[in-house]
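Because the structure is predicted, anything quoted here is derived from the model rather than measured. Order of the sequence lines sets the chain letters (A, B, ...), proteins ahead of strands, with each chain counted from 1.
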Number of protein chains: 2
Amino acid sequence: MTATRKPAASDPPAMSYGLLPDLLGFHLRRAQVALFRHFAHSVGTAADITPGLFGMLQVIAANPGLAQSRLAEAMEVERSTIVKVADQLEARGLIERVPSAVDRRSHCLELTETGRGELARIEGLVLAHEADLTAKLTPAERQTLTRLLIRLAE
Amino acid sequence: MTATRKPAASDPPAMSYGLLPDLLGFHLRRAQVALFRHFAHSVGTAADITPGLFGMLQVIAANPGLAQSRLAEAMEVERSTIVKVADQLEARGLIERVPSAVDRRSHCLELTETGRGELARIEGLVLAHEADLTAKLTPAERQTLTRLLIRLAE
DNA sequence: GTTTATTGTTAGCCATGCGAACAAATATCC
DNA sequence: GGATATTTGTTCGCATGGCTAACAATAAAC
């Protein structure tokens with residue numbers, strides 16, 4: 001006698017995902033959705049920010065005076081996409097568009113004082129979120145995962 | 001004497017990503033963008049389909065007669081999102097909404113003959129895309145990556 | 001038989017992204 | 001030096017993909 005029980009008529013019909021479990025993209029997507037949800041719950045409730053905007057802020061903070069076009073290249077999006085992002089961050093007082101001293105076409109993105117403070121606060125939340133999320137993995141596994149993702153992406 | 005050369009004025013100023021490289025979400029996103037691009041180039045050009053729609057088709061094919069609400073649960077999206085997806089797939093002749101025999105509210109999603117043929121063709125393209133994409137990894141690494149992603153997502 | 005829940009649908013909204021077109025400013029090239 | 005290209009930020013329109021809220025029809029629960 002096996003451990004499998006007789007299926008009852010009331011059983012939810014077992015769901016099949018077909019080929020999907022064999023595809024990396026399926027698991028990549030699920031992991032990302034899980035991460036987004038976790039971010040929204042742990043960081044988003046306390047700071048009104050998304051992973052995307054946080055990434056932009058990080059790069060702006062790490063490269064003072066960055067022109068919008070450079071940011072676009074770094075984030076691998078179009079220049080026109082950056083306009084909206086900069087509008088948002090500027091409207092919230094986190095960054096400023098400072099006219100470049102050497103090129104009158106370009107705007108240098110700079111964190112404001114408010115922006116610096118907010119970013120420091122958000123970084124704490126993000127690091128806590130990261131620690132919480134990866135608590136399921138050992139440090140070695142975490143590193144392995146990161147490395148494999150990098151190799152996949154390049 | 002080290003191997004570092006004297007930075008010239010014409011050098012592109014080295015870009016920093018701040019904290020981002022320490023965050024799993026950053027690498028997850030990059031990997032996904034890379035995968036989407038690869039999918040678009042290898043599958044999308046030959047079949048006019050996206051990873052999302054392909055996933056829906058897979059689940060419909062693997063669960064004949066699935067009601068829209070069940071599909072929504074399986075894909076973890078809202079019922080209303082499925083309406084648009086089903087509209088698209090139906091407009092393209094790949095699936096049909098068959099009225100349920102036992103519940104006059106629900107529509108059972110079924111592949112059409114065309115849909116079956118198309119899906120078979122697309123599956124070939126997707127598997128080739130997958131093989132190509134993961135050629136950078138050994139089979140063991142591929143499996144490790146999948147397992148770690150699953151553990152992260154649950 | 002009345003109330004509650006589920007199903008599919010519509011409508012409107014938001015976020016993220018792209019592409020095309022544009023004017024201003026800068027580079028390049030004879 | 002002056003014509004021609006290129007770069008920069010911007011706007012506008014569009015597409016995708018997702019959400020919520022409301023609704024009518026139907027089914028289930030009490």
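Separation of atoms CD (A/Gln68) and CD (A/Glu73) is listed at 12.5 Å; rounding is to 0.5 Å.
Near DNA chain C, meaning a heavy atom under 4.0 Å away, the residues from residues 104-111 of chain B are B/Arg105, B/Ser106, B/His107. Within residues 74-83 of chain B, the residues having any heavy atom closer than 4.0 Å to DNA chain C are, in order of number, B/Arg79, B/Ser80, B/Val83.
For the OP1/OP2 pair of D/dT10 and a distance below 4.0 Å, the side-chain nitrogens and oxygens of A/Gln68 include at least one atom meeting the criterion.
The neighbour count for A/Glu96 CD, taken as heavy atoms of other residues, nucleotides or ligands under 6.0 Å away, does not exceed 12.
Classification of A/Glu76 and B/Arg37 as a salt-bridged pair holds, one side-chain N sitting under 4.0 Å from a carboxylate O. Between A/Arg151 and B/Glu141 there is a salt bridge, since at least one side-chain N of the basic residue sits less than 4.0 Å from a carboxylate O of the acidic one.
Under the 3.5 Å distance criterion, the side-chain polar atoms of A/Asp132 are left unmatched by any main-chain donor or acceptor of A/Ala128. Looking at B/Thr112, its side chain does come within 3.5 Å of a backbone N or O of B/Leu94 through a donor-acceptor pair.
Interface limits on DNA chain C: the 5'-most and 3'-most nucleotides within less than 4.0 Å of chain A heavy atoms are C/dT16 to C/dT26.
Place A/Val102 and A/Val85 on DNA chain C by their nearest nucleotides, and A/Val85 ends up nearer the 5' end. When the nearest nucleotides of DNA chain D are assigned to A/Ala67 and A/Arg29 by heavy-atom distance, the more 5′-ward of the two goes with A/Ala67.
The closest side-chain heavy-atom distance from B/Ile95 to B/Leu57 is below 4.5 Å. You'll find the side chain of A/Glu130 stays beyond 4.5 Å of the side chain of B/Asp22, heavy atoms only.
In this pair, A/Tyr17 and A/Phe26 present their aromatic rings tilted. The plane angle is within the 30 to 60° band. Ring geometry for A/His129 against A/His38 counts as tilted: the plane angle lies between 30° and 60°, on a 0 to 90° scale.
The distance between atom CD1 of B/Ile49 and atom P of D/dA15, rounded to the nearest whole Å, is 19 Å. Put simply, CE on B/Met56 is 10 Å from C1' on D/dG17, counting in whole angstrom units. When rounded to the nearest whole Å, the span between CZ of B/Phe54 and P of D/dG17 equals 15 Å.
The nearest pair of heavy atoms linking B/Arg70 to B/Leu66 is CB-CD1, 3.5 Å.
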